[in-house]
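Quick note: numbers below take in every heavy atom, side chains included, and nothing from hydrogens, waters or symmetry partners.
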Amino acid sequence: MRETIYTVLQIYYTIIGIIGVPVNLVAIVILSRGKCGLSTCTTRYLVAMATADLLVIITEAILFRINIYYFPGSFLHLTPVCSVIHVLLRATTHCSVWFTVTFSFDRFVAICCQKLKTKYCTGKTAAVVLTTTGILLCLKNVPFYFMHEPALIIDNVPWYCTVKPNCFTDPGWVGFQWFDTILTPLLPFGLILLLNALTVRHILVASRVRKGLRGQSKGENHSDPEMESRRKSVILLITISGSFILLWLVYIINFLYYNIRGTNTNDYNDSEYMLGQAGVLLRNLSSCTNTFIYGATQSKFREQFRSVVNYPVTSIIQLMNKQKK
């Protein structure tokens, strides 16, 4: 059974690596051009999320998983190197998660807090928030470098990474790991649910009030540009946040199961092992979905995507025509 799961994982992460890198690069390029009809602050949050997702694919799928499957014994398996990879893996994953939280909070302020909106929802504030969040999360994950020790020592060279035994019993390490898990993903999971619920509630209340003021409750039909703008913003917010919640849900269920029962993951039976791996698979899949969400919800993003895809073709045709002349 586990050999079959290993083969599935090998195929899965190969596909994720092949698809995840280009789709996130395309999203970064298109959003950075600023032609998708989005505000500057929204664009910066989405670019940051796409960049974090790209780094998750590079560290988790390529440097960690694919390296294990296809390049056993490479220099990336040296203990100092793989310790750095573990730190980068955690830092990029946490940035991806918390950038989603900061985006959700930005949309909450933009829709529900009109007085604060003009000061907070700016490109400058977005840059400060994203930079500060990224730096703090990177610093927070540095201790994980010291959590590992060599699994093998060959000719005085340390190979592979295994968690030090005292990390499971030392109160400092145990407390740090609980803090780490609460910080990501338990707290973000709760914050995203709360912010989305408050945002949707505000939209529904404001929509009823505006319909009453504009006479729509009596059957008249008037266009409302402000409510249409809010509707598009909420659709983007809900699809991104909803995707995050659904794809992280199995991982969180497995974490709670693991801690409530006090079961060591090394002692999992086949069903428990499959649940754990499914949670990790879906969690990593969340780093590939946002580009497709942009394409499904944003018409201008689709236009820019077609433009980016067509550009190399049109350039080649123009070059060929010039050579013929």
* Using the ring of each side chain (for Trp, its six-membered ring), is W248 parallel, tilted or perpendicular to Y251, with breaks at 30° and 60°? -> perpendicular
* Heavy atoms of other groups near Y6 OH, more than 12 under 6.0 Å -> yes
* Asked: With a cut-off of 6.0 Å (strictly less than), are more than 12 heavy atoms of other residues, nucleotides or ligands near CZ of R201?
  -> no
* Mind checking the CG-CE spacing from N254 to M274? Nearest 0.5 Å is all I need. => 12.5 Å
* **Residues K164, D170: salt bridge by 4.0 Å N-O rule** => no
* To do: Quick one: pull up CG in L9 and CD1 in I66 and give me the separation to the nearest 0.5 Å.
  => 12.0 Å
* Taking R90 as the fixed residue, which of T59, N141, L137 is the one that meets the side-chain contact (heavy atoms from CB on, under 4.5 Å) rule? -> N141
* Mark yes or no for whether T92, through its side chain, and L89, through its backbone, hold a donor-acceptor pair below 3.5 Å. => yes
* Asked: Do L183 and K140 come close enough that some side-chain heavy atom pair is under 4.5 Å?
  -> yes
* **Note, H77 side chain near F71 side chain (heavy atom, < 4.5 Å)** => no
* To do: Using disulfide bond (SG atoms under 2.5 Å apart) as the criterion, list what pairs up with C41, not counting sequence neighbours.
  => none
* Structure fact -> Members sharing L136's hydrophobic cluster, built from side-chain contacts under 4.5 Å between Ile, Leu, Val, Met, Phe, Trp and Tyr, are none
* Would you list the pairs meeting ring pair (Phe, Tyr, Trp, His ring centres under 6.0 Å) in which at least one residue belongs to residues 123-155, sequence neighbours left out? => H86-H148, F144-F176
* Contact list for residues 88-117, test ring pair (Phe, Tyr, Trp, His ring centres under 6.0 Å), sequence neighbours left out -> F105-Y120
* Spacing of CD1 belonging to I18 relative to CD1 belonging to I57, to within rounding of 0.5 Å -> 12.0 Å
* To do: Sort and list the pairs that fulfil disulfide (SG to SG under 2.5 Å) and have at least one residue in residues 119-148, not counting sequence neighbours.
  => none
* **disulfide (SG to SG under 2.5 Å) pairs, two or more places apart, involving residues 54-88** => C82-C161
* Asked: Within the side chain of E303, is there an N or O that forms a donor-acceptor pair under 3.5 Å with the backbone of K35?
  -> no
* Could you tell me whether the side chain of N24 and the main chain of S287 form a donor-acceptor pair under 3.5 Å? => yes
